[in-house]
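Structure first, commentary second.
Count residues from 1 along the sequence.
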Amino acid sequence: MTTPPLLTILRFPDPRLHTVARPVAAVDDRVRGLIERMFATMYDASGIGLAATQVDVHERVIVIDVSEERNQPMVLINPEVEWYSDEKRKGEEGCLSVPGIYDGVERSVSVRVRALDAAGVSRSIEAEGLLAVCIQHEMDHLMGKVFVEYLSPLKRNRIKSKLLKAQRDEERV
């Protein structure tokens with residue numbers, strides 16, 4: 001089986017990461033092709049989640065696989081949170097759009113989300129732990145929010161400067 005062409009992951013502070021994604025009108029072959037390419041891109045980048053916003057497609061599509069074996073792919077199309085737990089926990093987060101940066105973000109420990117799967121079937125998913133964090137993180141992307149926005153302005157500006165410098169250095173090579 002051939003791997004579909006990879007997508008380019010936008011990097012913070014790219015302004016396109018702040019675009020609010022619109023709902024998917026129909027789960028068709030185009031959307032399933034996007035999902036396939038998103039999984040290939042996420043696995044290639046060693047990620048556990050990827051929102052369409054991160055690959056400059058501004059539709060409400062998320063792919064996730066938090067399994068060690070990389071064999072439990074999950075698709076969330078037009079996800080909506082039905083419930084957040086009151087219990088919160090601060091944990092280290094990273095992001096494919098913010099390479100090499102990890103910091104603490106407080107999230108609900110558990111969530112319940114309703115979304116369409118790749119077949120267009122509506123499902124309710126209850127998640128806790130890493131999967132719950134990943135869902136919340138990726139849903140933030142669909143709202144145009146990157147995890148560094150939870151950090152202090154000072155930290156956020158340092159991260160922005162560091163990534164812009166790394167980008168300039170890459171372009172010189």
Query raised in the report: Relative to Tyr150, does Lys155 satisfy both conditions: NZ or CZ under 6.0 angstrom from the six-membered ring centre, and within 45 degrees of the ring's axis?
Result: no
Query raised in the report: With sequence neighbours excluded, what pairs up with Arg11 under the side-chain contact (heavy atoms from CB on, under 4.5 Å) test?
Result: Pro99, Glu170
**Report entry** Residues which pass side-chain contact (heavy atoms from CB on, under 4.5 Å) with Lys162, listed by chain and number, not counting sequence neighbours
**Finding:** Ile101
Requested in this report: Tell me whether Leu17 is reachable from Val105 by hopping between hydrophobic residues (I, L, V, M, F, W, Y) whose side-chain heavy atoms are closer than 4.5 Å.
Outcome: yes
Using a strict threshold of under 4.0 Å (side-chain N to carboxylate O), is an ion pair present between [Y] and [X]?
| X | Y | result |
| --- | --- | --- |
| Asp140 | Arg107 | yes |
| Glu128 | Arg89 | no |
| Asp28 | Arg32 | no |

Report summary line: Members sharing Met139's hydrophobic cluster, built from side-chain contacts under 4.5 Å between Ile, Leu, Val, Met, Phe, Trp and Tyr, are Ile48, Ile62, Ile64, Val66, Met74, Leu76, Val81, Tyr84, Val111, Val113, Ile125, Leu130, Leu131, Ile135, Leu142
Query raised in the report: What do you reckon, is CD of Glu68 surrounded by more than 12 foreign heavy atoms closer than 6.0 Å?
Result: no
Heavy atoms, side chains only, cut-off 4.5 Å: are [X] and [Y] in contact?
| X | Y | answer |
| --- | --- | --- |
| Pro23 | Glu59 | no |
| Pro73 | Val63 | no |
| His137 | Phe147 | yes |
| Leu50 | Val55 | yes |
| Val61 | Met38 | yes |

Does the [X] side chain pair with the main chain of [Y], one donor and one acceptor, at a distance under 3.5 Å?
| X | Y | value |
| --- | --- | --- |
| Ser85 | Glu87 | yes |
| Glu138 | Ala51 | yes |
| Arg70 | Asp65 | yes |
| Glu149 | Lys145 | no |
| Asp44 | Ala40 | no |

Report task. Under the salt bridge (charged side-chain N to carboxylate O under 4.0 Å, His left out) rule, collect the residues that match up with Arg22, sequence neighbours excluded. Result -> none
Requested in this report: Using the test salt bridge (charged side-chain N to carboxylate O under 4.0 Å, His left out), find all partners of Glu82 that sit at least two apart in sequence or belong to another chain.
Outcome: Arg112, Arg114
Just verifying a value: how many Å separate [X] [atom1] and [Y] [atom2], rounded to the nearest 0.5 Å?
| X | Y | atom1 | atom2 | value |
| --- | --- | --- | --- | --- |
| Asn78 | Arg60 | CG | CZ | 6.5 Å |
| Asp14 | Thr53 | CG | OG1 | 11.5 Å |
| Ser124 | Glu80 | OG | CD | 12.5 Å |
| Gln54 | Met42 | CD | CE | 10.5 Å |
| Glu106 | Gln136 | CD | CD | 10.5 Å |
| Asp29 | Leu34 | CG | CG | 12.5 Å |

Heavy atoms only: give me the nearest [X]-[Y] pair and the separation to one decimal.
| X | Y | answer |
| --- | --- | --- |
| Val27 | Ile77 | CG2-CD1, 3.8 Å |
| Asp56 | Arg16 | OD2-NH1, 3.1 Å |
| Cys95 | His141 | SG-NE2, 3.4 Å |
| Leu96 | Gly49 | CD1-O, 3.9 Å |
| Ser108 | Ala132 | O-CB, 4.4 Å |

Report task. Hey, could you give me each pair passing ring pair (Phe, Tyr, Trp, His ring centres under 6.0 Å) that has a residue in residues 9-63? Not counting sequence neighbours. Result -> Phe39-Tyr43
Query raised in the report: Taking it one step at a time, do Arg37 and Leu6 satisfy side-chain contact (heavy atoms from CB on, under 4.5 Å)?
Result: CA-CA 6 Å; Arg37 291 181 74 193; Leu6 300 179; over 6 Å; no
Requested in this report: Test Trp83 against Ser110 for side-chain contact (heavy atoms from CB on, under 4.5 Å), laying out the working first.
Outcome: CA-CA 8 Å; Trp83 170 84; Ser110 317; 3.7 Å; yes
**Report entry** Verdict with reasoning, Val148 to Asp103, per side-chain contact (heavy atoms from CB on, under 4.5 Å)
**Finding:** CA-CA 8 Å; Val148 295; Asp103 212 315; over 6 Å; no
Requested in this report: Please step through side-chain contact (heavy atoms from CB on, under 4.5 Å) for the pair Ile9 and Thr41, ending with a clear verdict.
Outcome: CA-CA 8 Å; Ile9 298 172; Thr41 302; 3.7 Å; yes
